[in-house]
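Beneath this line is the structure, given in structure tokens, with notes to follow.
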2 protein chains.
Amino acid sequence: MADGPDIARIATLIGDPARARMLTALMAGHALTASELAVEAGITRQTASGHIARLREGGLVSTARQGRHHYIRLSGSDVAETLEALMEIVDRRGPTRTRPGPKEPEMRHARICYDHLAGALGVQLHDRLIEIGHLTADLTPTPPGLTAFDALGIDIPALQRARRPLCRACLDWSERRTHLAGGLGAALFTAFEDRAWIRRVSGTRIVEIRNPAALYEWLL
Amino acid sequence: MADGPDIARIATLIGDPARARMLTALMAGHALTASELAVEAGITRQTASGHIARLREGGLVSTARQGRHHYIRLSGSDVAETLEALMEIVDRRGPTRTRPGPKEPEMRHARICYDHLAGALGVQLHDRLIEIGHLTADLTPTPPGLTAFDALGIDIPALQRARRPLCRACLDWSERRTHLAGGLGAALFTAFEDRAWIRRVSGTRIVEIRNPAALYEWLL
DNA sequence: CTAATGGTTCGGCCCAAACCGAAGCGTCCA
DNA sequence: TGGACGCTTCGGTTTGGGCCGAACCATTAG
């Protein structure tokens with residue numbers, strides 16, 4: 001009898017849209033910081049902080065402090081399995097799907113995720129970099145990749161010396177696939193922006209493609 | 001962006017204590033009426049009616065009218081699996097642990113999970129079927145397995161034609177290992193029940209072993 | 001040291017939804 | 001045909017909690 005409310009407690013934690021987006025983002029298996037989760041969930045840092053506290057209290061995530069950063073990850077595979085079970089229900093009988101959601105097509109096409117590209121364009125960039133051999137499947141730069149990044153003015157060795165990981169896979173909530181995050185993801189974004197190949201729409205997370213020809217040529 | 005992953009919608013449905021109690025009651029696999037569910041959840045009929053409408057709208061339960069009665073059941077095994085996954089999280093890290101009531105040991109030993117065996121016996125069945133070669137490690141029936149299932153009156157080809165997957169691994173929340181679900185899991189349960197090898201304890205999810213000799217002999 | 005950055009806490013606003021009483025439908029039986 | 005029964009719908013109240021602005025700690029950089 002008492003187990004009813006207990007599963008309700010856990011389900012309630014997953015049931016908030018912002019928290020569900022956080023947990024979905026954490027499904028990639030990588031630890032994320034509180035700020036990154038806030039961006040991923042589309043809420044402010046202080047709101048995210050409260051959500052994280054509740055998730056931690058409920059045992060769904062665990063946190064680790066490293067300096068002034070708090071890294072958050074799913075607390076175990078059982079949590080991931082539960083989320084997958086929920087996704088399966090959604091998939092099997094979802095009359096109102098999120099994938100072709102007509103809400104904000106531009107957001108789904110290209111947006112900024114913290115400091116790197118996300119959306120369909122972000123996923124495409126990620127896949128293409130691996131496809132043309134600039135990155136290996138586990139996101140390590142290859143010699144040709146180093147040359148190509150250097151041609152964009154990106155100093156890979158300097159990025160590698162930074163504390164931040166060079167490359168990280170970030171799960172895209174609209175595409176449900178990974179895009180490129182980390183120092184290189186951020187560097188590529190600014191490189192594209194400096195060349196006016198892309199531009200941020202001020203006040204939103206939306207990213208516009210200004211020079212598709214140059215962008216796609218670089219991806220050949 | 002506002003409408004993130006739909007898993008939040010499903011989780012919210014499970015996240016209300018009254019609805020969680022209803023769903024837990026339905027885990028036994030029997031259809032219940034709206035009034036019975038109201039008693040089970042400890043709320044009035046009209047409140048229960050609203051909850052049932054929401055659960056039906058969300059696709060978690062299906063209803064059937066028979067005269068002036070409305071019978072409600074879980075809409076599928078995927079819902080039961082999700083609930084079991086949630087129970088496993090609760091079981092593993094629940095702060096307010098459910099009192100180890102008198103029913104607990106029997107529940108852990110053998111219980112029904114929607115329509116198939118769970119608990120220690122369920123896990124044992126799963127492992128044994130693989131061990132004696134009736135199923136492969138990825139849960140495909142072998143020729144000797146087909147013969148053995150046929151001897152129990154189970155029509156595997158008919159089950160394979162059904163929409164439901166024939167064999168499915170379902171994570172057991174008390175054993176933390178997988179037991180056998182899917183069409184075959186359900187068919188085995190009814191076959192054992194028909195032969196009076198096992199019996200359900202009415203009003204609960206507990207399953208009693210009535211003829212252990214016959215049951216274990218079949219598993220040789 | 002000060003400044004910048006990551007994270008948390010506090011206070012107040014606001015809304016979704018859970019709840020019940022009462023009334024409204026159907027369905028079944030005498 | 002009237003009445004009992006099962007269930008749903010409607011109104012109105014209440015509350016939990018999600019959200020943000022602002023202020024507050026902690027760590028690192030300069």
Show which side-chain atoms of residues 189-197 of chain A pair as donor or acceptor with protein atoms under 3.5 Å away, not counting sequence neighbours.
unit_1   : atom_1 : unit_2   : atom_2 : d
A/Thr190 : OG1    : A/Ala186 : O      : 3.1
A/Thr190 : OG1    : A/Ala187 : O      : 2.9
A/Arg195 : NH1    : A/Ala191 : O      : 3.3
A/Arg195 : NH2    : A/Leu152 : O      : 3.1

Distance-only donor-acceptor pairs under 3.5 Å for side chains of residues 206-215 of chain A, two or more places apart:
unit_1   : atom_1 : unit_2   : atom_2 : d
A/Glu208 : OE1    : A/Arg199 : NH2    : 3.4
A/Asn211 : OD1    : A/Ala214 : N      : 3.2

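At C/dG7, none of the side-chain N or O atoms of A/Ser49 fall inside 4.0 Å of OP1 or OP2 (strictly under the cut-off). Side-chain N/O atoms of A/His69 include none lying less than 4.0 angstrom from OP1 or OP2 on C/dT5. Considering only side-chain N and O atoms, A/Thr33 lies nowhere under 4.0 angstrom from the phosphate OP1 or OP2 of C/dG6. Put simply, A/His70 has a side-chain N or O that comes within less than 4.0 Å of OP1 or OP2 on C/dT8.
When distances are taken from the side chain of A/Ala34 to each of C/dG7, D/dC20, D/dG17, the shortest belongs to C/dG7. Considering only the side chain of B/Ser35, D/dC7 comes nearest among D/dC7, C/dC20, D/dG21. Minimum atom distance to the side chain of B/Ala18 is reached by C/dC19, of the listed C/dC19, C/dG7, C/dC20. Picking from C/dC19, D/dG6, D/dG18 the nucleotide with the shortest atom distance to the side chain of B/His51 gives C/dC19. When distances run from any side-chain atom of A/Thr47 to the nucleotides C/dT8, D/dC7, D/dC20, the shortest one goes to D/dC20. Among the nucleotides D/dC7, D/dG18, C/dA17, the one closest to the side chain of A/Arg54 is D/dG18. Distances were taken from every side-chain heavy atom of B/Arg19 (C-beta onward) to each of C/dA18, D/dT8, D/dG18; the shortest belongs to C/dA18.
In this structure, the salt bridge (charged side-chain N to carboxylate O under 4.0 Å, His left out) partners of B/Asp78, at least two apart in sequence or on a different chain, are A/Arg92, A/Arg93. The side chain to side chain contact (heavy atoms under 4.5 Å, CB included) check on A/Thr147 picks up nothing, with sequence neighbours excluded. With sequence neighbours left out, the side chain to side chain contact (heavy atoms under 4.5 Å, CB included) criterion links A/Ser49 to no other residue.
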For side-chain contact (heavy atoms from CB on, under 4.5 Å), just list the numbers for A/Phe149 and A/Leu184, CA-CA rounded to whole Å, side-chain angles, deciding distance to a tenth of an Å, and then say yes or no. CA-CA 9 Å; A/Phe149 298 136; A/Leu184 180 58; 3.7 Å; yes
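One can place CZ of B/Arg9 at 15 Å from P of C/dA16, the figure rounded to the nearest angstrom. Between the CG atom of B/Leu37 and the C1' atom of D/dG6 there is a distance of 13 Å, given to the nearest Å. A/Arg45 has its CZ atom 17 Å from the P atom of D/dC25, to the nearest Å. Remark: P of D/dT15 and CG of B/Asp16 are 17 Å apart, rounded to the nearest angstrom. Note: CD1 (B/Ile14) to C1' (C/dA18) measures 18 Å, nearest angstrom. Following rounding to the nearest Å, B/Leu13 (CG) and C/dA16 (C1') show an atom-to-atom distance of 14 Å. The CD1 atom of A/Ile52 sits 10 Å away from the C1' atom of C/dT8 (whole-angstrom rounding). The distance from atom CG of B/Leu32 to atom C1' of D/dG6 is 15 Å, rounded to the nearest whole Å.
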Summarise how protein sits on nucleotides 22-30 of chain C as a single string, 5' to 3': B when a protein heavy atom is under 4.0 Å from the base, S for sugar-phosphate-only contact, - for no contact. B----BS--
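Using a 4.0 Å cut-off between a side-chain N of Lys or Arg and a carboxylate O of Asp or Glu, A/Glu40 and A/Arg19 do not qualify as a salt bridge. Between A/Arg54 and A/Glu57 there is no salt bridge, since no side-chain N of the basic residue sits under 4.0 Å from a carboxylate O of the acidic one.
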